[in-house]
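Lettering follows sequence order; numbering is per chain, from 1. None of these values were measured; they are calculated from a predicted model.
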Number of protein chains: 2
Amino acid sequence: MTARAVEPAVPSSTRERILLVASELFATRGYHATTTREIATAVGIRQPSLFHHFPSKEAILQTLLDSDLDVAVPHAEALAKDRGPASVRLYQYLEHDLTHLISSPYNLSGLYTEEVMRDPAFEPWIAKRRRLHRAIERILADGVAAGEFVDLPVEVVREAITGILVRTLTLASGEHHEDRVFCEQIVSLVMRAVLKDPARLPEIRRAAREEGGG
Amino acid sequence: MTARAVEPAVPSSTRERILLVASELFATRGYHATTTREIATAVGIRQPSLFHHFPSKEAILQTLLDSDLDVAVPHAEALAKDRGPASVRLYQYLEHDLTHLISSPYNLSGLYTEEVMRDPAFEPWIAKRRRLHRAIERILADGVAAGEFVDLPVEVVREAITGILVRTLTLASGEHHEDRVFCEQIVSLVMRAVLKDPARLPEIRRAAREEGGG
DNA sequence: GTCTATAATTGGATAGAC
DNA sequence: GTCTATCCAATTATAGAC
C-alpha cells in the first residue's frame, strides 16, 4: 500500500499534472511571475478549474515544498544526531538529498529562491528549512571539531553547499545526464571543498554506502 | 575625476537612491514580487515620480545588471584569453568578482535568478552573462587540460561556482563580515573543490596577487 | 470535475498641474 | 522633479450552470 506516496507512476491525475506543470513553471519563470492561467493552459484546463484541486496558488507551492522537506528534514536531523565520522554523515546527506531532488517527478529547483523563502506566506515551510540548515551545520561543526573539515564558519559553508545543490539541480533538470554519475560528481566536488585531506574521499564514500546508503 | 564611477559617496541623488533601494528589494523579495510602489515608498517619493528617473521598472533592473556585467565580463574575458596557469587565473577571477560584488553599493544578489535570467525582456543582459560563463568555462577547460583541475564537466563546475557566489553574496549582504576575510574564505573553498592538489593553494594565491591582483 | 462569467484587487504606466 | 488623479491590463479567486 501507499504506492502513491512512493511514485505517482504513469496514471497522472489532474492534481498530479498541476503539480508537475507548476513546478516546471516555478523553476523557469519564478513563483510570482508564473500565473495560474499559464499553469492551467499547460495542464489543458481553464484557469478557474485549478481551484477545484487547490484552494490557492500558494497551496500548490506549499504542496511541492512538502514533497521535498518531509523527506529531507527527518533524514538530515537523524544524521545530525548520529555519532560516527562527520565526513561520512555529510556524504550521506549530500547523496541522499541530491538523489531525491534529481529523481523527483517535480522540478524542485524553483522552490528555494529568495522570493519564496522570505515570503511570510510560507513561514511554516521556511521554518522547516531552517531546521534542515541547522542539521547540516551541526554535521559541519562536528567535522571541524574533529579536524576532518577545513575551519570555516559553518553558516558560510552551508550556504555554499545549498547554493551548489540548487544551481546544479537546475542543470540536471534541463539536460538529462546520467543521474547516478552526475550526482556523484557534485557530491565529490562538495566533499573536496570541505575535507582537509581530499585523499580520504574514496574511503569515506565506501563507508557512507556500506552503512545507511543501501 | 570620475570619482562618481568609483564610489557614489554620500550625496545620493534620487536616481541613485532608487537603485540602492530597488536592488535591496529585488534581492529580498524578488524582481516580480517587488512593486514600483514599494520602491517609491522606500525612497520617500510617490510611485509615479519613479518614472521621471527611469522609463520603466525593467530599466531599473537593467541598470543594475550593467553595473555588474560591464565590469565582470571584460575582466573575465581578458583572463580567459590570457596564457599562464589556469589556477592562477581562476583565483584572480574569483577574487575580483567577489570583491566587486561585495563592495558594490547595490545589493546585487537578486539579479541572477531564474525569474530574471530567463525573461526575454532582459535578453541582451542574458547574452552578456552567457559570455561571462563561456569565459569561466574556458579557464576551467584550460585547467583540466593542464592537469591542474579535477576532470569534471566544465559546465557543471561553472554552475556550481556561480551558485556559491550568488548564495554567499546573500550572506555577505546581510550581516557584514570582515569583507576581506570573507572573500578569501569563499575563494579558497572554491579553489579547494577544483584543484587536484589543494596544497598548491598558498602558492597560487601568491602568484595571483603578484601579477594582476595589486 | 470542468466550464463561462465575473468579481475584487493590484499591477505598471501616463497626463497634466504645480 | 514631484505631485494628484487616473487609465488600462492582468491577476487571483468566486458563483453557479452543466
Side-chain angles (χ1 to χ4, degrees), chain A residues 4 8 10-26 28-65 110-111 113-116 118-123 125, chain B residues 4 8 10-65 110-111 113 115-116 118-123 125:
Chain A
R4 181 193 143 277
V10 184
S12 280
S13 60
T14 302
R15 183 192 154 91
E16 203 59 45
R17 295 204 343 269
I18 290 170
L19 290 171
L20 288 165
V21 156
S23 75
E24 208 61 53
L25 287 168
F26 292 161
T28 53
R29 311 173 69 83
Y31 172 70
H32 286 102
T34 300
T35 70
T36 53
R37 258 178 255 279
E38 286 175 307
I39 299 172
T41 301
V43 169
I45 57 179
R46 303 297 168 121
Q47 184 259 352
S49 304
L50 277 183
F51 294 86
H52 175 78
H53 302 276
F54 294 93
S56 66
K57 181 186 169 187
E58 283 176 6
I60 299 176
L61 184 64
Q62 289 162 356
T63 303
L64 290 169
L65 283 166
L111 306 188
T113 58
E114 297 294 297
E115 65 168 330
V116 170
R118 293 176 97 132
D119 186 333
F122 305 108
E123 220 296 303
W125 290 265
Chain B
R4 182 194 142 276
V10 184
S12 280
S13 62
T14 301
R15 184 192 153 90
E16 204 58 47
R17 296 204 341 270
I18 290 170
L19 290 170
L20 288 165
V21 155
S23 76
E24 207 62 53
L25 287 169
F26 292 161
T28 53
R29 312 172 68 82
Y31 172 71
H32 287 100
T34 300
T35 70
T36 54
R37 281 177 176 82
E38 286 176 307
I39 298 172
T41 301
V43 170
I45 58 178
R46 302 297 169 123
Q47 184 258 353
S49 303
L50 277 183
F51 295 86
H52 176 77
H53 303 275
F54 294 93
S56 65
K57 181 187 171 188
E58 283 176 7
I60 299 176
L61 184 65
Q62 288 162 356
T63 304
L64 291 169
L65 283 166
L111 305 188
T113 58
E115 66 168 330
V116 171
R118 294 176 97 132
D119 186 333
F122 304 108
E123 218 297 303
W125 290 266

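- Of all the heavy atoms in A/Q62 and A/A121, the pair that sits closest is NE2-O, 3.5 Å.
- When atom types are taken as modelled, the side chain of A/E114 and the backbone of B/G110 share no donor-acceptor pair closer than 3.5 angstrom.
- Considering every non-hydrogen atom in both B/T28 and A/R118, the closest pair reads O-CD, 3.4 Å.
- When atom types are taken as modelled, the side chain of A/T34 and the backbone of A/L25 share a donor-acceptor pair closer than 3.5 angstrom.
- Less than 4.0 Å separates DNA chain D from at least one heavy atom of each of the following residues of residues 23-45 of chain B: B/I45.
- Partners of B/E58 according to the side chain to side chain donor-acceptor pair (under 3.5 Å) rule, which considers only residues two or more places apart in sequence or in another chain, do not exist here.
- Taking a 4.0 Å limit (strictly below) on heavy-atom distances, residues 47-55 of chain B reaches DNA chain D at B/P48, B/S49, B/H52, B/H53.
- Contacts classified as ring pair (Phe, Tyr, Trp, His ring centres under 6.0 Å) and involving residues 39-61 of chain B (residues at least two apart or in different chains) are not found.
- B/V21 has its side chain out of reach of B/F26: every pair of non-hydrogen atoms, C-beta onward, lies at least 4.5 Å apart.
- Of the possible polar contacts, one joining the A/E115 side chain to the A/Y31 backbone as a donor-acceptor pair under 3.5 Å is found.
- Contact footprint of chain B on DNA chain C: nucleotides with an atom under 4.0 Å from a non-hydrogen protein atom, first to last in 5' to 3' order, C/dG11 to C/dT14.
- Each salt bridge (Lys or Arg N to Asp or Glu O under 4.0 Å) pair with one or both residues in residues 32-57 of chain A, not counting sequence neighbours, appears once here: A/R29-A/E38.
- The main-chain N or O of B/A59 is found under 3.5 Å from a side-chain atom of B/T63 such that the two form a donor-acceptor pair.
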